[in-house]
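Shown next, in structure tokens, is the structure this report addresses.
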Amino acid sequence: MKPPKARSRPAPRPASKAAPKRPAVMTGAMVPVLGWPPDEDRVEAIFDRLSRIMPDPKTELNFTSPYTLVVAVALSAQATDVSVNKATDRLFAVADTPAKMLALGEEGLVPYIASIGLYRNKAKNVIALSRILLERHGGEVPLNRADLQALPGVGRKTASVVLNELGVEAAIAVDTHVFRVSHRLGLANAATPDKVEAQLFRVVPEAWLPKAHHWLILHGRYTCTARKPKCSACVISDLCPSRAGLAALGEAG
């Protein structure tokens, strides 16, 4: 009796290349992974032009003191500046110091910030950081990174915003706008905010560093938006290596 013929196995299919993934904090159309570091003259031209249309950029959060700035930035996590300002306009009218905030208490604070995302956790952090400021820092905000980042609800990004806004340190806080714009312009190609921050510090000319954070945020908020970036109205569109790709995908406005 003849042994049964072995069944021939189908030829394996060629492995398909996985589509490149956009980092989680990126939004908007896919952009190519660009070579890095970028051309120095192009980087200089980018910031020179941004400085001409935004000579004195500032945070859009309302504040009157280092303390109200820390609170406003802490509240702005996963929330818009507009929504935070609506809440803090009322809040700071009654509690604009650590002592007043502690007197208000967590339950008293909640109604003022209930319109902001994650408000309960933020209320807990604001009360806790206010207590620490009174107990350890004489009611004053410590203007150094180590002590700032030790406060509840104040991470690296929040500390960077505060230190940069107050002119203490030329910091770059990498939020979704900075991350997106940096990648589209080829100023960075790293996959995490911390690594993008490190890349930006290496390529942004020193003279532009104090205001680079604001320029990138505001450019991303109003021009290089996540969906339908306004390339036709952009003053640096001819310097942007992603414009052609965005236009080909029908993503550019």
Side-chain angles (χ1 to χ4, degrees), residues 19-39 42-51 53-54 57-61 73 76-84 117 155-161 164-165 170-205 208-253:
K21 293 182 179 179
R22 184 189 303 116
V25 291
M26 278 289 284
T27 56
M30 178 67 70
V31 296
V33 177
L34 302 168
W36 191 88
D39 177 75
R42 185 172 68 84
V43 176
E44 176 71 31
I46 286 172
F47 287 100
D48 178 64
R49 292 189 197 177
L50 291 176
S51 72
I53 62 170
M54 294 181 280
K58 298 288 185 183
T59 180
E60 294 186 319
L61 290 169
V73 179
S76 72
Q78 299 184 44
T80 66
D81 288 359
V82 172
S83 67
V84 172
R156 180 173 181 81
K157 186 170 73 173
T158 296
S160 291
V161 172
N164 186 78
E165 185 64 30
I172 299 179
V174 180
D175 66 356
T176 55
H177 297 301
V178 174
F179 193 99
R180 180 179 66 254
V181 172
S182 298
H183 278 75
R184 285 179 175 171
L185 289 174
L187 300 176
N189 62 3
T192 67
D194 286 350
K195 290 181 180 179
V196 167
E197 179 185 348
Q199 287 186 323
L200 289 173
F201 265 99
R202 285 184 57 185
V203 303
V204 176
W208 302 124
L209 273 176
K211 297 180 179 179
H213 162 76
H214 289 304
W215 283 323
L216 293 173
I217 283 180
L218 295 173
H219 188 65
R221 184 172 290 167
Y222 296 110
T223 303
C224 193
T225 51
R227 311 289 177 184
K228 286 287 183 181
K230 302 174 180 67
C231 296
S232 60
C234 177
V235 298
I236 53 174
S237 61
D238 60 309
L239 300 172
C240 179
S242 299
R243 181 181 182 181
L246 292 169
L249 291 171
E251 295 286 347

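None of these values were measured; they are calculated from a predicted model. FYI, side chains are in, hydrogens and waters are out, and symmetry mates aren't considered; it's all heavy atoms of this structure.
- For the atom pair Leu185 CG and Arg180 CZ, the distance stands at 11.0 Å (nearest 0.5 Å).
- Between Pro193 and Arg156 the shortest side-chain heavy-atom distance does not fall below 4.5 Å.
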When you look at Glu165 and His214, which way does the side-chain hydrogen bond (donor to acceptor under 3.5 Å, both in side chains) test go after all the steps?
CA-CA 9 Å; Glu165 185 64 30; His214 289 304; 2.8 Å; yes

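- Counting heavy atoms from C-beta on, the side chains of His183 and Val196 come closer than 4.5 Å.
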Could you go step by step and tell me if Asp238 and Arg243 meet the side chain to side chain contact (heavy atoms under 4.5 Å, CB included) rule?
CA-CA 8 Å; Asp238 60 309; Arg243 181 181 182 181; 5.8 Å; no

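- Rounding to the nearest 0.5 angstrom, the gap separating the CD atom in Gln78 from the OG1 atom in Thr176 is 10.5 Å.
- Gly220 and Val181 make their closest contact through CA-CG2, 3.5 Å (heavy atoms, listed as atom of the first residue, atom of the second, distance).
- To the nearest 0.5 Å, atoms CD1 (Ile236) and CZ (Arg42) are separated by 9.0 Å.
- Listed here is the closest heavy atom pair of Arg49 and Val235: NH1-O, 2.9 Å.
- Side-chain contact between Ile217 and Glu60 is absent, with no heavy-atom pair separated by less than 4.5 Å.
- Between the side chain of Ser182 and the backbone N or O of Phe179, no donor-acceptor pair lies under 3.5 Å.
- Between Trp215 and Trp208, the ring planes are perpendicular. Angles over 60° get that label, and only those under 30° would be called parallel.
- Listed here is the closest heavy atom pair of Cys231 and Ser237: O-CB, 3.4 Å.
- Interatomic distance, Leu239 CG to Asp48 CG, rounded to the nearest 0.5 Å: 10.0 Å.
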Is there a side chain to side chain contact (heavy atoms under 4.5 Å, CB included) between Leu200 and Val178? Walk through the geometry before answering.
CA-CA 10 Å; Leu200 289 173; Val178 174; 3.8 Å; yes

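- In this structure, CD1 on Ile46 lies 7.5 Å from SG on Cys240, to the nearest 0.5 angstrom.
- In terms of heavy-atom proximity, Pro205 sits nearest to Glu44 at CG-OE1, 3.4 Å.
- Using a 4.5 Å heavy-atom cutoff, the side chains of Gln199 and Leu187 are not in contact.
- Closest heavy-atom contact between Leu218 and Met54: CB-SD, 3.7 Å.
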Full working for side chain to side chain contact (heavy atoms under 4.5 Å, CB included) between Cys234 and His219:
CA-CA 9 Å; Cys234 177; His219 188 65; 3.5 Å; yes

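- Pro57 has its side chain out of reach of His213: every pair of non-hydrogen atoms, C-beta onward, lies at least 4.5 Å apart.
- Using a 4.5 Å heavy-atom cutoff, the side chains of Ser160 and Asn164 are not in contact.
- Between Trp36 and Arg202, some side-chain heavy-atom pair lies under the 4.5 Å cut-off.
- Lys195 approaches Ala190 most closely through the heavy-atom pair CB-CB, 3.4 Å.
- Using a 4.5 Å heavy-atom cutoff, the side chains of Val73 and Thr59 are not in contact.
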